[in-house]
2 protein chains.
Amino acid sequence: MPDRSALPEPTGAGLDATPASLAAPRWARIATALKGRILAGEWASGTAIAAESALAEHYGVALGTMRAAIQALVDEGLLERVHGRGTFVRGALTGATMARFFRFGDAGSEIPESRIVSLRTLAAPADVAMQLGLAAGTPVLRVLRQRGWEGQVRLLETIWLPAPLFGALAALKPAEFAPLLYPMYAERCGVTVGRAVDDLRFTRLGAREAAQLSLPEGHPALAVSRVAFDLAGRRVEFRQTLGNADDFHYRAEVR
Amino acid sequence: MPDRSALPEPTGAGLDATPASLAAPRWARIATALKGRILAGEWASGTAIAAESALAEHYGVALGTMRAAIQALVDEGLLERVHGRGTFVRGALTGATMARFFRFGDAGSEIPESRIVSLRTLAAPADVAMQLGLAAGTPVLRVLRQRGWEGQVRLLETIWLPAPLFGALAALKPAEFAPLLYPMYAERCGVTVGRAVDDLRFTRLGAREAAQLSLPEGHPALAVSRVAFDLAGRRVEFRQTLGNADDFHYRAEVR
DNA sequence: AAGTGGTCTAGACCACCGA
DNA sequence: CGGTGGTCTAGACCACTTA
């Protein structure tokens, strides 16, 4: 006997059913409920959720319907199916590295060197507050970072993080920062970055920036502004990156 | 009685079935067969293919299997489903315009002005031949074009087309070219562009280019190299576009 | 009203993985 | 081997579009 009590919005025989609940297909309602359970932390990032058959029984639907619900979350990037093993909660973003916008001489796919130059908590400037969806003046953690390959500094990064979420980082020494930040956000702060939007523009280097990159002042540069979102869709990071425009390279596919 | 003779690789009782045919799921084999019929022109671009139920009966499979086959071609970008109306063969690419890489003052979403500067048939240079997958020296049609907004030239384009496919264009006068090329390729030459790959880099303007764009020589520029593919996956166009780097803007989403 | 795609069921069997 | 996701069936009924 299926446990229909778990249905998010049971299709009862009453007249009390809301129009909204009837408008959405069953698989969509179940997907929403399942998403809630995932975001609530019922299954840790990287672990397998319950089996399709078990979930189908739990929600009192046919297997095909349950598969449709799961597929919706897979398309959304929240889950990952592996034949024969299970359906897994996706971990932090990979492949979102800023290095993908550049081609550097020999250094191909290695993780670049990374150096934290500054780490301060301060009141969010207006533009940063807007990008993070915060009130201006909210405390934020500002991280200045240099990234490079083969001893040469190639990218300058300014990273803004809402202080309440990232308190654990403010106490760290610069040397304790890992080269990849997103896994560190997940481990130290419980923040899983699931999506990011990069905004590319072209600019010219100021004196300070040029000096750090060993380039002349006014040299052409690529400026990337990123807003990163966690699995629940909250804005959790605003990042500005500068690099030599001559190293820029990007491939965009259209269909 | 279902017409199983239409099955691309019937699951006969014989020993003659190839391993390959058994390896692929049934929906995949049917998708391949259906794709062949579409590329062969059985249904014109923009028109509806046969109904799911009819196709399911034709191939002798259940509706769910037929739907899976169709869905595969939808994901591939070859078909488009419209609830209540039918399943349609997708037309030429839209939204692949070079203008999406730029932000121009006021001119928002209007189609830019377009002027054909030159139209010649010549032997393909080595790099063009490589990008189009042709032997060097194969005849190609070269189109030089300027695009602009509000009377100001903003983009310079060099377009290379395999002469055999685009013979109909070589006879045209420059004034007879439409502002949007892909629909024209479809109408005049029967070539439907279904996919394109854009490669972005920064460069600097040469004297000639700078003069056309009313910019100083050596000014930073965005260079886009595009290879466009038709529905069958053939390379049908190689295009190089130049624009002011200061007008560059692009949004990349990562997940 | 007729025809289209969309949802859903209640099964069966297959392919893959790990202990 | 048992458990997972993947494929497939033969229906039923719903939602949307067009005439």
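We name chains A, B, ... by the order of the sequence lines, and we start the count at 1 in each one. None of the values given here were measured: they were computed from a predicted structure.
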S.K.: Can you tell me which nucleotide in D/dT9, D/dG5, C/dG5 comes closest to the side chain of B/T87?
M.R.: C/dG5
S.K.: Could you tell me whether a side-chain N or O of B/R195 sits under 3.5 Å from a main-chain N or O of B/G233, the two making a donor and an acceptor?
M.R.: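 It does not hold such a pair.
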S.K.: Between C1' on D/dG5 and CD1 on A/I70, what's the gap in Å once rounded to a whole number?
M.R.: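 Taking atom C1' of D/dG5 as the reference, CD1 of A/I70 is at 9 Å.
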S.K.: Could you please name the option among C/dA10, C/dG6, D/dT9 that lies closest to any side-chain atom of A/A62?
M.R.: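 Side chain of A/A62 sits closest to C/dA10.
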S.K.: Round to a whole Å and report the spacing from CD1 of A/I49 to C1' of D/dG5.
M.R.: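 So the CD1-C1' distance, A/I49 to D/dG5, works out to 11 Å.
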S.K.: Please confirm whether the shortest side-chain N or O distance from A/R85 to OP1 or OP2 of D/dG5 is below 4.0 Å.
M.R.: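 No.
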S.K.: Atom CD of B/E57 and atom P of D/dT9: how far apart are they, to the nearest Å?
M.R.: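 Nearest whole value for this atom pair: 14 Å.
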S.K.: Find which nucleotide of DNA chain C each of A/W27 and A/H83 is nearest to by heavy atoms, and output the residue with the more 5' nucleotide.
M.R.: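 Going by which nucleotide is closer to the 5' end, it is A/W27.
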S.K.: Between P on C/dG6 and CD on B/E80, what's the gap in Å once rounded to a whole number?
M.R.: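 So the CD-P distance, B/E80 to C/dG6, works out to 12 Å.
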S.K.: Given atom CZ of B/F88 and atom P of C/dT4, what is their separation to the nearest angstrom?
M.R.: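 Answer to the nearest Å: 11 Å.
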S.K.: Which sits closer to the 5' end of DNA chain C, A/M66 or A/G84, going by the nucleotide each is nearest to?
M.R.: A/M66
S.K.: Backbone N or O of A/A48 within a donor-acceptor pair of the A/T87 side chain at under 3.5 Å?
M.R.: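 Not a single qualifying donor-acceptor pair exists.
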S.K.: Do you know which of B/E157, B/R145, B/R226, B/R147 makes side chain to side chain donor-acceptor pair (under 3.5 Å) with B/T241?
M.R.: B/E157
S.K.: So, is A/T65 near the phosphate of C/dT9, with a side-chain N or O under 4.0 Å from OP1 or OP2?
M.R.: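 For A/T65, the contact criterion (side-chain N or O under 4.0 Å from OP1 or OP2 of C/dT9) is met.
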S.K.: Would you say A/S53 places a side-chain N or O within less than 4.0 Å of OP1 or OP2 belonging to D/dG5?
M.R.: no
S.K.: Would one find a side-chain N or O of B/R67 under 4.0 angstrom from OP1 or OP2 of D/dC8?
M.R.: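 So the side-chain polar atoms of B/R67 never come under 4.0 Å of the phosphate oxygens OP1 or OP2 of D/dC8.
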S.K.: With a cut-off of 6.0 Å (strictly less than), are more than 12 heavy atoms of other residues, nucleotides or ligands near CZ of A/R235?
M.R.: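 Counting neighbours around CZ of A/R235, more than 12 heavy atoms of other residues, nucleotides or ligands fall under 6.0 Å, so yes.
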S.K.: Nearest-Å distance, CZ (B/R29) to C1' (D/dC8)?
M.R.: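 Interatomic distance, CZ of B/R29 to C1' of D/dC8: 12 Å.
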S.K.: For A/L63 and D/dG5, give me the distance from atom CG to atom P, rounded to whole Å.
M.R.: 9 Å
S.K.: To the nearest Å, how far apart are A/E52 CD and C/dA10 P?
M.R.: 17 Å
S.K.: Counting only side-chain heavy atoms from C-beta out, which of D/dT4, C/dT7, C/dA10 sits nearest to A/P25?
M.R.: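 Nearest to the side chain of A/P25 among the choices is C/dT7.
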S.K.: Please find the pair of heavy atoms, one from B/L161 and one from B/F166, that lie closest to each other, and give the distance.
M.R.: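 Taking B/L161 first and B/F166 second, the nearest heavy atoms are CB-CD1, 3.6 Å.
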